[in-house]
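Ligands are counted one by one from 1 in listed order, and the atoms in each one are counted from 1 as well.
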Amino acid sequence: MEVTVGVASFQGDVEEHLSATREALKRVNVGGRAVTVKLPEEIEAADALIVPGGESTVMGRLSSHTKALDALRRKILAGTPVLGTCAGLILLAKRVYDRVVGETGQSTLGVLDILVERNTYGRQRDSFEALIDIPALGLREYRAVFIRAPGIIETGENVEVLATLSGRPVAVRQRSILGTTFHPELSESTAIHEELIRLALLQKSR
Ligand code: GLN
């Protein structure tokens with residue numbers, strides 16, 4: 001079985017996700033491809049989706065994306081596995097506010113039942129790396145890269161916390177929705193992308 005992984009290319013670190021996905025496909029020995037998706041029909045054709053990091057306000061605001069965002073929401077609600085990273089996680093979240101400015105009024109897809117605080121680590125810790133354990137994926141001391149990362153403040157009852165840093169969730173899963181506050185596309189390990197591919201295979205074989 002082959003899988004097509006679509007990386008939403010509205011804005012943000014698209015190239016890194018394409019290469020991480022291609023590497024992950026090789027490592028799990030699954031045929032398929034990683035492509036950029038922007039148009040509703042491209043989104044429709046994907047077996048799994050990635051919403052990259054970047055600027056969540058920009059991604060949500062561009063009205064030219066409205067149809068694409070609708071398509072994305074429809075696909076995710078229909079069970080297509082999706083990985084949202086950093087700003088991509090913010091775009092998936094049900095509720096969001098900014099640590100400094102408070103309510104942002106930004107529109108999100110609202111499919112992942114979490115409350116997210118943007119820029120939670122502030123200026124002093126703009127970017128940093130940390131070693132985290134992700135037991136559900138069999139990972140110990142996974143090197144996670146955080147860049148102006150958001151914080152997950154609350155999780156709904158259907159949301160499983162996969163990893164924490166200083167007691168706060170940094171990776172979560174709600175059915176086939178995976179979210180990280182860090183950037184798995186910048187790690188040596190492609191484990192998170194591999195998990196997305198596994199979910200895609202599972203969904204496809206149903
Ligand atoms: N701070 C950005 C936002 O809130 C996210 C940063 C990132 O994706 N690296 O949209």
Side-chain angles (χ1 to χ4, degrees), residues 5-21 34 36-38 49-66 68-69 72-73 76 82-132 134 142-155 159 162-166 168-173 177-193 196:
V5 180
V7 180
S9 62
F10 308 136
Q11 191 256 343
D13 47 358
V14 174
E15 285 304 319
E16 292 83 352
H17 271 294
L18 288 172
S19 356
T21 306
T36 57
V37 293
K38 203 181 218 167
L49 293 157
I50 296 177
V51 189
E55 271 310 316
S56 57
T57 43
V58 177
M59 285 194 248
R61 202 189 291 137
L62 298 176
S63 59
S64 58
H65 296 158
T66 311
L69 291 176
L72 211 51
R73 185 187 289 112
I76 298 168
V82 60
L83 165 64
T85 64
C86 204
L89 169 89
I90 298 172
L91 203 66
L92 297 181
K94 224 169 216 166
R95 292 179 296 147
V96 53
Y97 69 92
D98 187 277
R99 194 176 64 92
V100 179
V101 303
E103 287 304 320
T104 57
Q106 69 196 94
S107 55
T108 65
L109 295 175
V111 290
L112 177 56
D113 191 9
I114 55 171
L115 170 65
V116 185
E117 178 183 69
R118 293 181 60 203
N119 302 309
T120 217
Y121 298 93
R123 287 218 179 96
Q124 285 83 7
R125 295 188 80 202
D126 221 346
S127 301
F128 60 96
E129 292 185 10
L131 296 177
I132 59 169
I134 316 180
Y142 169 96
R143 187 173 292 279
V145 181
F146 294 82
I147 304 170
R148 289 178 297 113
I152 298 172
I153 306 300
E154 285 171 24
T155 54
V159 178
L162 301 179
T164 58
L165 177 67
S166 312
R168 184 179 280 154
V170 292
V172 293
R173 184 215 312 264
I177 305 175
L178 287 170
T180 65
T181 64
F182 54 88
H183 286 259
E185 76 284 8
L186 300 180
S187 280
E188 299 240 313
S189 162
T190 54
I192 307 272
H193 291 78
L196 181 70

Partner of Y97 under side-chain hydrogen bond (donor to acceptor under 3.5 Å, both in side chains), chosen from E103, R118, E117: E117
Spatial distance of atom CZ (R173) from atom OG1 (T180) [nearest 0.5 Å]: 13.0 Å
Residues 87-96 side chain polar contacts: donor-acceptor under 3.5 Å, at least two apart:
unit_1 : atom_1 : unit_2 : atom_2 : d
R95    : NH2    : E154   : OE1    : 2.9

Sub-4.5 Å side-chain heavy-atom contact between S189 and R143: no
Distance in Å, F10 CZ paired with S56 OG, rounded so as to fall on 0.5 Å steps: 13.0 Å
L83 vs T85 side-chain heavy atoms within contact, under 4.5 Å: yes
Under 4.0 Å from ligand 1, counting heavy atoms only: the protein residues, by chain and number: G53, G54, E55, S56, C86, A87, I90, R118, N119, I147, R148, H183
